[in-house]
Amino acid sequence: MAVIEDFITKMDKSLVSLKESLSTLRAGKVTPQLLDKVTIVAYGEKCLLKSVAQISGISATDLQVKTFDPSIIKDIISGLNKADLGCTVTQNGNAVILKFPVPSEERRQDLIKQAKKYCEDGKVAIRNIRRDANNAIKKDATLSEDMKSDLNDKVQKETDKHIAEIEKIFAAKVKDIETI
């Protein structure tokens, strides 16, 4: 039934959104995705850093930001400092080097708490989609009671599958955060 596929698609999109949110949490190794949501003011406009510069990892604790336009390097440095990433920002010619310290045990625990919050929010989103699907099935007058029951069972199975996937994602992220 097309209604079920629509709700499954929404659940899949929730998982993608969760993975994007978790990718911004820094674990043992820094990744360019850490800067995905960093904004800067360049050319008088607010824009994403990744739209005006190339971001690459140069070591496990260092990132390099190479600007496409050297005239905005000061704007990039200013935006990175405002982002409060907990790193040292230095200019190296037309590039900016970000040196991240190895996270302390306390910081790792904070990151795990934040990851858990993102995952709980993801579970709530999945459950809300399940509720909406069940309400849509209940209101559909063209379906028999048996068909409604079967569709509700399918929705529940998909919900359980997506919740289990969130648990797997969380376990992997915790392992990643705890790894030095």
- Note on the structure: Interatomic distance, OG1@T67 vs CD1@I73, rounded to 0.5 Å, equals 6.0 Å

- Query: Who are the side-chain contact (heavy atoms from CB on, under 4.5 Å) partners of K99, not counting sequence neighbours?
  - Reply: D62, T88, I97

- What are the two closest non-hydrogen atoms of F170 and A115, and how far apart are they? CE1-C, 3.9 Å

- Message: For V89, give me all partners under side-chain contact (heavy atoms from CB on, under 4.5 Å), at least two apart in sequence or on another chain.
- Response: I77, L80, N81, C87, V96, L98

- Excluding sequence neighbours, so at least two apart, what forms side-chain contact (heavy atoms from CB on, under 4.5 Å) with Q109? E105, I112

- Apply side chain to side chain contact (heavy atoms under 4.5 Å, CB included) to D140 and L143, showing your working. CA-CA 6 Å; D140 192 341; L143 299 173; 3.7 Å; yes

- Task: Identify, with sequence neighbours excluded, every residue that meets side-chain contact (heavy atoms from CB on, under 4.5 Å) alongside K82.
- Result: S78

- Task: Can you run down the side chain to side chain donor-acceptor pair (under 3.5 Å) pairs that involve residues 8-21, sequence neighbours left out, and say none if there aren't any?
- Result: D12-H162

- Set of salt bridge (charged side-chain N to carboxylate O under 4.0 Å, His left out) partners for K161, sequence neighbours left out: E158

- Does a sphere of radius 6.0 Å around NZ in K66 hold more than 12 heavy atoms from other residues, nucleotides or ligands, not counting ones at 6.0 Å or beyond? no

- Note on the structure: Rounded to the nearest 0.5 angstrom, the CG-CD distance for D150 and E145 is 11.5 Å

- Those residues at least two apart in sequence (or on a different chain) that pass side-chain hydrogen bond (donor to acceptor under 3.5 Å, both in side chains) with Q33 are T31

- Item | Rounded distance [0.5 Å steps], NZ in K168 versus SG in C119 | 13.0 Å

- Query: Going from CD on E106 to CG on L111, what distance comes out if it is rounded to the nearest 0.5 angstrom?
  - Reply: 11.0 Å

Hey, can you pull the donor-acceptor pairs under 3.5 Å for the side chains in residues 120-132, sequence neighbours left out?
{"from": "D121", "atom 1": "OD2", "to": "K117", "atom 2": "NZ", "distance (Å)": "3.0"}
{"from": "K123", "atom 1": "NZ", "to": "E167", "atom 2": "OE2", "distance (Å)": "2.1"}
{"from": "N128", "atom 1": "OD1", "to": "R131", "atom 2": "NH1", "distance (Å)": "3.2"}
{"from": "N128", "atom 1": "ND2", "to": "V124", "atom 2": "O", "distance (Å)": "3.4"}
{"from": "R130", "atom 1": "NH1", "to": "Q156", "atom 2": "OE1", "distance (Å)": "3.3"}

- Message: Just verifying a value: how many Å separate Y118 OH and I169 CD1, rounded to the nearest 0.5 Å?
- Response: 14.5 Å

- Partner residues of K74 under the side-chain hydrogen bond (donor to acceptor under 3.5 Å, both in side chains) criterion, sequence neighbours left out: Q91

- Tell me, do R107 and S104 make a side-chain contact under 4.5 Å, heavy atoms counted? yes

- Give, for atom CE of M11 and atom CD1 of I166, the distance between the pair rounded to the nearest 0.5 Å. 9.5 Å

- Can you find a pair of side-chain heavy atoms, one from F100 and one from L63, that are under 4.5 Å apart? yes

Counting only pairs under 3.5 Å, give me each side-chain donor-acceptor contact of residues 40-57, with atom names and distances, residues two or more places apart or in other chains.
{"from": "Y43", "atom 1": "OH", "to": "D69", "atom 2": "OD2", "distance (Å)": "2.6"}
{"from": "S51", "atom 1": "OG", "to": "L48", "atom 2": "O", "distance (Å)": "2.6"}

